[in-house]
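Every value quoted in this text rests on a predicted model; they were computed, and no experiment measured them.
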Amino acid sequence: MSAGQPPPATRITAGLEGAPREVDVLVVGLGITGAGVALDAVSRGLSVLAVDAHDLAFGTSRWSSKLVHGGLRYLAKGQIGVAHESAVERGVLMEVTAPHLTRPMPMVVPLTSSVTRAQATLTAVGLRAGDALRRGARTGAETLPRPRRLSATETLALAPALRRAGLRGGMLSWDGQLEDDARLVTTVARTAAALGAVVRTRARVLAVEAASSNGAGGLRVGLRDELTGATTTVTARAVVNAAGVWAGDLAEEVTLRPSRGTHLVLRAAALPGLGTSVFAPIPGETNRFVLVLPQPDQTVYVGLTDEPVDGPIPDVPEPTEPEIGFLLDVVSACFARQLHRSDVVGAFAGLRPLLEPPTGSGGSTADLSRKHAVLVGRSGMVTVVGGKLTTYRRMAQDAVDAALATPAAAGLAAGPCRTRTLPLLGAAPRAELAALEQHPRLVRRFGTDAALVLADALEVTGLTEDELLAPVAEGVPVTLAELVFGVTHEGAVDVADLLDRRTRVGLLAGDRALAEPAARRALALAAHHLPGRR
């Protein structure tokens, strides 16, 4: 192992071999909330085991719009507390903890002929209120500039593919955009592991029960290693259930009402020249839009829907054809080119883990509050549900606070929450990131750890920099270096881990097929450098 390389114990791994049998805190689920709980707990000085039955970001956390919202939508619904919390956490992510994984995103609301003067006025008021949230959260205007009105000429300069007929201008505002939601989850989990948390994928929780009738003996957690089938029991002083839409499987007191949000993936050529995201107004709605979001990899995401979901929770939700048609119709009404089903090169759907509202309250899932909830069950297990990706850090803080207040955790020596000022691995001020001379894609996805990613791949593979940094296939910008790092440091054990979560090639079936040989090569090259795989 070369100098500067972390020991295997501080890397994310799969299975339960060598995992501790007694810890202060056990975290169930390694989506963004569970990874955040692991980081919060270990940064307070607690011993932590964090597990997931599948993989990092396997569930909802990889199916978002890849945004860090300021809470404007929630303000419009009168959810002032949620809106303020969102704006605060957006500022924390963009300016302190993850400037390497976030960027300011300009967004245009086009004032088309279908948008009335009253609706335009209401939108302008909303954007000014959103800017007030930014100021209240103390996020600088250099990070997120103030909104302003655009002429039709300015609007078309930013989004030349818009329909020109009837366009009388637009409104420009700013929000936060993630490089990748699954990349954020992985980086939070890596940061937790670097601080001493034991982070294990392919480790399923079978049951959680109190070790004694008075709760003072902690909780016993039955686990199964999904690689070997072996079962074991871990004793924890506190257990946090952050399993998202599957949280009710462990906590019978939790009733969720999931909603499905669907996104489409288009090639950039379908809506050429986009220099900004576009929020296309939904006809007949005053506060809802379809988002058209250009991505760095020459694709465009279009979303999203809000449909209630009944029945068993699938591992991987599937978009429906009516949802796809709805999104295409709304966007086509704003743009000069009519979009067709053949323009959709990929689609994905995620399930929001929303709490069931009180009996008789009615309403659609779009009307349910996005405020998170922290619940303590009869066994003493803490469950955290609801919320949204942007506010994961605060959700984690509240969950750990609640866990430390349970009888079983009495006497644990835990420090105060540190995550509001704790940069994630690879984080640095934007000026420092801009000055880095490593490969641009690695800098975008790993920040100051870009050099570590390349150095690790050079040592593991013996290949040249040119081989490791070249796109793995024509039109697929993923590099072999990041695939190798996904295996050696981020717990990837198969092609799906690498292409569907460590990178997002899997969102496009054609690109995934082109990248699969490189993923298999990375797994083979790294195999002899991993404990237990020689």
Side-chain angles (χ1 to χ4, degrees), residues 1-19 30 50-58 62 182-183 185-187 189-190 193-194 197-204 224-230 425 439 441-442 445-446 449-473 476-506 511-534:
M1 185 179 302
S2 64
Q5 291 281 309
T10 67
R11 303 177 186 182
I12 299 164
T13 53
L16 287 167
E17 183 180 356
L30 283 169
V51 300
D52 194 286
H54 298 287
D55 186 28
L56 302 174
F58 183 83
R62 62 172 159 147
R183 175 56 34 198
V185 176
T186 303
T187 306
R190 278 188 61 224
V198 179
V199 181
R200 299 298 182 95
T201 63
R202 277 30 177 226
R204 184 180 297 274
R224 183 174 67 221
D225 186 320
E226 296 292 82
L227 296 179
T228 66
L425 291 180
H439 191 280
R441 177 177 170 85
L442 296 188
R445 298 181 67 78
F446 298 92
D449 274 352
L452 170 64
V453 174
L454 179 57
D456 172 71
L458 287 167
E459 178 183 356
V460 167
T461 68
L463 300 176
T464 67
E465 286 194 19
D466 288 345
E467 291 175 291
L468 291 168
L469 297 178
V472 296
V476 182
V478 172
T479 66
L480 186 60
E482 63 195 279
L483 294 176
V484 169
F485 192 80
V487 181
T488 59
H489 285 64
E490 298 176 345
V493 297
D494 59 24
V495 168
D497 288 353
L498 289 174
L499 300 186
D500 298 338
R501 291 171 287 277
R502 302 305 180 278
T503 65
R504 307 313 300 279
V505 182
D511 288 1
R512 191 185 196 281
L514 292 173
E516 188 166 329
R520 295 193 183 283
R521 187 183 185 197
L523 289 162
L525 288 168
H528 296 293
H529 291 260
L530 297 176
R533 296 194 200 177
R534 290 181 172 83

Practice problem: Starting at OG1 of Thr479, measure out to CG of Leu454 and round the result to the nearest 0.5 Å. | Solution: 8.5 Å

Practice problem: Would you name the heavy atoms of Val472 and Ala515 that are closest together and state the gap between them? | Solution: CG2-CB, 4.0 Å

Quiz prompt | Taking every non-hydrogen atom, the tightest pair across Gly491 and Asp497 | solution = O-OD2, 4.0 Å

Practice problem: Spell out, as yes or no, whether a donor-acceptor pair under 3.5 Å connects the side chain of Thr201 to the backbone of Asp52. | Solution: no

Exercise. Could you grab the distance from atom CG of Leu56 to atom CZ of Arg501, nearest 0.5 Å is fine?
Key: 8.5 Å

Exercise. Taking the side chain as every heavy atom from C-beta outward, state whether Val185 and Leu30 have any pair of such atoms under 4.5 Å apart.
Key: no

Quiz item: Of all residues at least two apart in sequence or in a different chain, which pass the ring-ring contact (aromatic ring centres under 6.0 Å, His included) check with His439?
Solution: none

Exercise. Kindly indicate, with the supporting measurements, whether the criterion side chain to side chain contact (heavy atoms under 4.5 Å, CB included) is fulfilled by Leu442 and Glu482.
Key: CA-CA 8 Å; Leu442 296 188; Glu482 63 195 279; 4.2 Å; yes

Practice problem: Evaluate side chain to side chain contact (heavy atoms under 4.5 Å, CB included) for Asp500 paired with Arg512, printing each intermediate quantity in order. | Solution: CA-CA 9 Å; Asp500 298 338; Arg512 191 185 196 281; 3.0 Å; yes

Quiz prompt | Nearest heavy-atom neighbours spanning Ala522 and Leu483 | solution = CB-CB, 3.6 Å

Quiz item: About how many Å separate CG of Leu452 and OG1 of Thr488, when rounded to the nearest 0.5 Å?
Solution: 8.0 Å

Quiz item: Hey, are the side chains of Glu465 and Leu458 touching, using non-hydrogen atoms and a 4.5 Å cut-off?
Solution: yes

Quiz prompt | 4.5 Å side-chain heavy-atom contact, Arg441 and Val478 | solution = yes

Self-check item: Over all atoms of both residues, closest heavy-atom pair of Ala481 and Ala457
Solution: CA-CB, 3.8 Å

Quiz item: In Å and rounded to the nearest 0.5 Å, what is the CG to CZ distance from Leu498 to Arg521?
Solution: 14.0 Å

Quiz item: Is Asp225 reaching over with its side chain to a backbone N or O of Leu16, donor-acceptor style, under 3.5 angstrom?
Solution: yes

Exercise. Please lay out, stage by stage, how Glu467 and Leu480 fare under the test side chain to side chain contact (heavy atoms under 4.5 Å, CB included).
Key: CA-CA 8 Å; Glu467 291 175 291; Leu480 186 60; 5.8 Å; no

Quiz item: So, Arg200 side chain and Gly15 main chain: donor-acceptor pair closer than 3.5 Å or not?
Solution: yes

Self-check item: Minimal non-hydrogen separation, Ala189 against Val199, with atom names
Solution: O-CG2, 4.0 Å

Quiz prompt | Set of ring-ring contact (aromatic ring centres under 6.0 Å, His included) partners for Phe485, sequence neighbours left out | solution = Phe446, His489

Self-check item: Trace of the salt bridge (Lys or Arg N to Asp or Glu O under 4.0 Å) decision for Arg11 with Asp456
Solution: CA-CA 13 Å; Arg11 303 177 186 182; Asp456 172 71; 5.1 Å; no

Exercise. I would like to know whether Arg202 and Asp494 meet salt bridge (Lys or Arg N to Asp or Glu O under 4.0 Å); could you show each step before the answer?
Key: CA-CA 12 Å; Arg202 277 30 177 226; Asp494 59 24; 3.0 Å; yes

Quiz item: Within the distance-only criterion (no hydrogens, no angle test), does the side chain of Arg62 pair as donor or acceptor with the backbone N or O of Phe58 below 3.5 angstrom?
Solution: yes

Practice problem: Mind listing the closest non-hydrogen atom pair of Ala492 and Leu523 along with its distance? | Solution: O-CD2, 4.3 Å

Practice problem: Starting at OG1 of Thr186, measure out to CG of Asp55 and round the result to the nearest 0.5 Å. | Solution: 7.5 Å

Practice problem: Nearest 0.5 Å please: distance from the CG atom of Leu499 over to the CG atom of Asp511. | Solution: 10.5 Å

Practice problem: Assess whether side chain to side chain contact (heavy atoms under 4.5 Å, CB included) is satisfied between Leu525 and Leu463, documenting all intermediate values. | Solution: CA-CA 10 Å; Leu525 288 168; Leu463 300 176; 4.1 Å; yes

Self-check item: Glu490/Arg183 salt bridge by N-O under 4.0 Å criterion
Solution: yes

